[in-house]
Amino acid sequence: MPLDRFQREIDYLRISLTDHCNLRCVYCMPLAGAAYAPLEGLLTSGEIERVARAAARVGFRKIRLTGGEPTLRPDLVDIVRRIASVPGIGDVALTTNGILLPKLAPALADAGLRRVNVHIDSLDRERISRMMRWASLDDVWAGIEAACAAGFTPLKLNCVVVGGYNEADVVDMARLTRERSWHVRFIELMPLGGGECARVATQSFVSNRDTRRRIEEALGPLEEMPPTSPSDESRNFRLRGAAGVIGFISPVSEPYCGSCNRMRLTADGRFHLCLLRDDELDVRAALRDGADDRRIAAILLRAVGAKPTGHDLLHGVSTRERSMHHLGG
Ligand code: SAM
Ligand code: SF4
């Protein structure tokens, strides 16, 4: 397994398949004026498979497909099939807003996808449409049901908590775990990209300590669960007697950089070394220049070796070049 210079085991690759999206969540994409990579710059399914093979070769074990909205890629099923067939990759997962899952979930399961995270910020019709602009509750919920029907387990729901939008809705979201074996995870806002979304993220931050207090006041005490792995970014809890899990992902108030196990690949073929910084290493040029698998693996190991640690959000340092829809969370 590749070790970085801080002795962290880096074995998890998050691949962004596109920087486009069918929604415009207020903290992620502006309504107009987002920057996109030219289409011919996006890695092809074959190029993505080559990076996945190189990653497996040097000890990566887990791959997540994200975006932008990964279900917008017309070749998504093919990409899943290619990655699921790479020896050594034991886990292929997808992060999505769920809207297109009713159409895609059975084919994705057939192609080898096993786990899905669906992003849903509220169970209130008006507020979800205000936050995840262009989404309707019915559409996202249909995606969640499609994910259940396709047998993706455990099903994880991601909820970004935004002051002035959904901070009171966390109670209804958490209540879902009483009956359902889902993991409902609350994510702290991060400012990325320096534009209007970064401003929303900074001004509307809600700490997970406040979110937890709100849930406990309404639903009773949360019992902490032991971590499933040292690199799990979510601190997990259960309501007494509940079927599901409540998770808190707190990159701002409780950074977990010391146990980070991630490398990111942007849709336009750069290894992005830390979510909250701009350092990148190009792999696309090598892929298009006829590099063999050994050279691709060597570039990935260089990226691992150059990974920084410790973000500096509290001093206003974050990405300037990339926004969340380029990096995929
Ligand atoms: N479109 C897919 C989705 O929404 O799940 C995948 C890409 S999205 C960028 C991945 C995750 O990032 C989502 O769970 C979303 O809630 C989260 N996210 C987006 N912008 C964020 C921000 N500024 N701070 C924290 N999380 C954010
Ligand atoms: Fe699209 Fe996901 Fe960003 Fe929302 S969080 S705008 S669904 S990429």
Side-chain angles (χ1 to χ4, degrees), residues 14-36 64-73 76 93-101 104 115-122 128-137 139-140 143-144 147 152 155-163 165-166 169-170 173 183-208 211 233-234 247-253 255-256 262 264-267 272 275-276 311 313 318-319 322-329:
R14 296 175 66 99
I15 303 179
S16 171
L17 297 183
T18 174
D19 47 14
H20 286 258
C21 189
N22 46 359
L23 302 184
R24 291 289 182 275
C25 301
V26 286
Y27 43 77
C28 181
M29 284 185 83
L31 278 176
Y36 302 108
R64 174 171 296 276
L65 303 175
T66 177
E69 179 45 44
T71 58
L72 293 183
R73 276 286 291 234
L76 176 63
L94 178 78
T95 295
T96 171
N97 60 38
I99 307 264
L100 295 174
L101 280 183
L104 287 169
R115 298 191 307 113
V116 170
N117 292 5
V118 181
H119 170 195
I120 174 167
D121 286 338
S122 174
I128 195 173
S129 297
R130 206 176 138 229
M131 289 184 76
M132 300 175 72
R133 297 173 294 198
W134 308 350
S136 78
L137 178 61
D139 287 346
V140 179
I144 291 171
F152 298 132
L155 181 65
K156 296 186 181 174
L157 304 186
N158 288 339
C159 172
V160 181
V161 186
V162 187
Y165 285 86
N166 68 339
D169 300 345
V170 298
M173 291 288 304
H183 294 214
V184 174
R185 293 138 35 108
F186 298 101
I187 304 176
E188 285 181 348
L189 267 176
M190 291 168 275
L192 275 83
E196 143 195 345
C197 296
R199 250 190 327 278
V200 170
T202 305
Q203 287 165 359
S204 313
F205 178 77
V206 179
S207 82
N208 265 337
T211 295
E233 81 280 23
S234 176
F248 296 97
I249 300 178
S250 315
V252 180
S253 67
Y256 35 81
R262 293 152 186 230
R264 292 178 173 80
L265 178 65
T266 64
H272 187 92
L275 178 63
L276 296 165
H311 70 63
L313 281 183
S318 185
T319 56
R322 300 283 196 179
S323 298
M324 196 60 120
H325 68 102
H326 301 117
L327 298 175

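Keep in mind that this is a model prediction, so the values were computed, not measured. Just so you know, ligand 1 is whichever comes first in the structure, and atom 1 is the first atom listed for that ligand. Starting from 1, each residue takes its place in the sequence as its number.
Taking the six-membered ring where tryptophan is involved, the planes of His20 and Tyr36 are essentially parallel, since the angle between them stays under 30° and well short of 60°.
His325 places no side-chain N or O within donor-acceptor distance of the main-chain N or O of Ala34, the cut-off being under 3.5 Å.
Contact between Leu192 and ligand 1 is absent, with no heavy atom of the residue lying under 4.0 Å from the ligand. For Gly67, the closest heavy-atom approach to ligand 2 does not fall below 4.0 Å.
Looking at ligand 1, you'll find an N or O of His119 within less than 3.5 Å of one of its N or O atoms.
Applying the 4.0 Å criterion to heavy atoms of Glu188 picks out, from ligand 1, the atoms 25 (C). The Glu69 neighbourhood of ligand 1 comprises atoms 1 (N), 2 (C), with distances under 4.0 Å to a heavy atom of that residue. Near Gly68, meaning under 4.0 Å from any of its heavy atoms, are these atoms of ligand 2: 8 (S). Ligand-side atoms of ligand 1 in range of Gly68: 1 (N), 2 (C), 6 (C), 7 (C), range being under 4.0 angstrom from any heavy atom. Near Gly67, the atoms of ligand 1 lying under 4.0 angstrom from a non-hydrogen atom of the residue are 7 (C).
Across all their heavy atoms, Arg14 and Gly329 have their closest contact at NE-O, 3.1 Å. Heavy atoms only, all atoms of each residue included: Val200 and Leu189 are closest at O-CD1, 4.2 Å. Among all heavy-atom pairs drawn from Cys21 and Met29, the shortest one is CB-SD, 3.5 Å. Minimum heavy-atom separation, Cys25 to Arg133: O-NH2, 4.0 Å. Closest approach of Pro70 to Leu17, counting heavy atoms only: CB-CD1, 4.0 Å. Residues Leu192 and Leu327 come closest through the heavy atom pair CD2-CD1, 3.8 Å.
Of all protein heavy atoms, the one lying nearest to atom 10 (C) of ligand 1 is Gly328 O, 3.6 Å. Nearest non-hydrogen protein atom to atom 1 (Fe) of ligand 2 is Cys21 SG, 2.3 Å. Nearest protein heavy-atom neighbour of atom 12 (O) of ligand 1: Gly329 CA, 4.0 Å.
Using modelled atom types, one finds no donor on one side chain facing an acceptor on the other under 3.5 Å when comparing Glu69 with Asn22.
In summary, an N, O or S atom of Cys28 is located under 2.8 Å from atom 3 (Fe) of ligand 2. For atom 1 (Fe) of ligand 2, the N/O/S atoms of His119 include none lying under 2.8 Å.
In this comparison of Arg185, Met324, Met190, His325, the heavy atom closest to atom 23 (N) of ligand 1 sits on Met190. By heavy-atom distance, the residue among Ser323, Cys25, Pro70 lying nearest atom 6 (S) of ligand 2 is Cys25. Here the shortest heavy-atom distance to atom 7 (S) of ligand 2, taken over Asn97, Thr18, Asp19, belongs to Asn97. Here atom 17 (C) of ligand 1 lies nearest to Val160 when heavy atoms of Asn158, Val160, Thr66 are compared.
Asp121 pairs in a side-chain contact (heavy atoms from CB on, under 4.5 Å) with only one of the listed residues (Arg130, Met173, Met131), which is Met131.
Using a 4.5 Å cut-off on side-chain heavy atoms (C-beta onward), Asn97 and Val140 make no contact.
Contact annotation: for Val118 versus ligand 1, there are no heavy atoms closer than 4.0 Å.
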